[in-house]
Amino acid sequence: MPEPSFRQLVTAALLCATVAASLVWAGLTRSDALQVPPAVAYLVASILVSAALALLAKAARRPRLVNWLIVVILGGFAIVGGWIALDDTADACRVAAGGRDPGGGGFGCRTAFGLGALMNAGMTIWAARLARRSTDGA
């Protein structure tokens, strides 16, 4: 697969930043469309800003910075997944099978997000170790 062009990277970064800005706006205005607490919207927005910065760092050929931003992104995903798995709101997490909710209080959904959060936490640690090696080796 060919490397993305500078223009493609900047376009993707602008898209990430635009979505992040809309999430921040939704959190600040307490939009009804926002189905999570504003703090979660701000966290997801920060992950998107980190992704935008990683794309720009890749465009600028700054691989060490990209590596550390990947650590931030993975850590953010681990936190979001953990929030979904541990949130005490009854409707925070539901699984639908064939358009119907099988019930069970979201246990299957919470389990899936909890396992995903643990995997992301493990990948965060792994990425941090790799990023540190790339920094130490410079």
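What you see is a predicted model, and the numbers here were worked out from it, not measured in a lab.
For the pair Val44/Phe77, no side-chain contact is recorded, criterion being any heavy-atom separation below 4.5 Å from C-beta on. The shortest distance between side-chain heavy atoms of Glu3 and Lys58 falls below 4.5 Å.
Panel note: side chain Arg110, backbone Asp87; a donor-acceptor pair is recorded below 3.5 Å. Ser31 places no side-chain N or O within 3.5 Å of a backbone atom of Ala26 that could act as its donor or acceptor partner.
The two residues Ala52 and Cys16 come nearest to each other via the heavy atoms CB-CB, 4.0 Å. Among all heavy-atom pairs drawn from Gly81 and Ala117, the shortest one is C-CB, 3.7 Å. For the pair Pro37 and Trp83, the tightest heavy-atom approach, listed with the atom from each and the gap, is CD-CZ2, 3.3 Å. Here the shortest heavy-atom pairing between Val66 and Ala57 reads CG2-CB, 3.7 Å. Minimum interatomic distance between Ala41 and Val36 (heavy atoms only, all atoms of both residues): N-CG2, 4.0 Å. Closest approach of Leu55 to Ala13, counting heavy atoms only: CD1-N, 3.5 Å.
Among Val24, Val19, Leu53, the single residue meeting the side chain to side chain contact (heavy atoms under 4.5 Å, CB included) criterion with Leu48 is Val19.
If you take OG1 on Thr18 and CG on Leu23, they are separated by 11.0 Å, rounding to the nearest 0.5 Å. For the atom pair CG of Leu56 and CG of Leu69, the computed distance is 10.0 Å after rounding to the nearest 0.5 Å. Atom CD1 of residue Ile73 and atom CG of residue Asn120 lie 11.0 Å apart, to the nearest 0.5 angstrom.
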Original post:
For Arg133 and Leu130, what are the C-alpha separation, side-chain angles and deciding distance, and is it a side-chain contact (heavy atoms from CB on, under 4.5 Å)?
Top reply: CA-CA 5 Å; Arg133 271 193 233 152; Leu130 292 174; 3.9 Å; yes
**OP:** Would you check, one step at a time, whether the test side-chain contact (heavy atoms from CB on, under 4.5 Å) holds for Leu43 with Val80?
**Re:** CA-CA 8 Å; Leu43 175 60; Val80 171; 3.5 Å; yes
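Qualifying side chain to side chain donor-acceptor pair (under 3.5 Å) partners for Asn67, counting only residues two or more places apart in sequence or in other chains: Ser134.
In this structure, a donor-acceptor pair under 3.5 Å is present between the side chains of Trp68 and Thr135.
Hydrophobic clustering keeps Val72 apart from Tyr42 (ILVMFWY residues linked when any side-chain heavy atoms are closer than 4.5 Å, directly or through intermediates). Taken together through direct or relayed side-chain contacts under 4.5 Å among Ile, Leu, Val, Met, Phe, Trp and Tyr, Leu65 and Val49 form part of one hydrophobic cluster.
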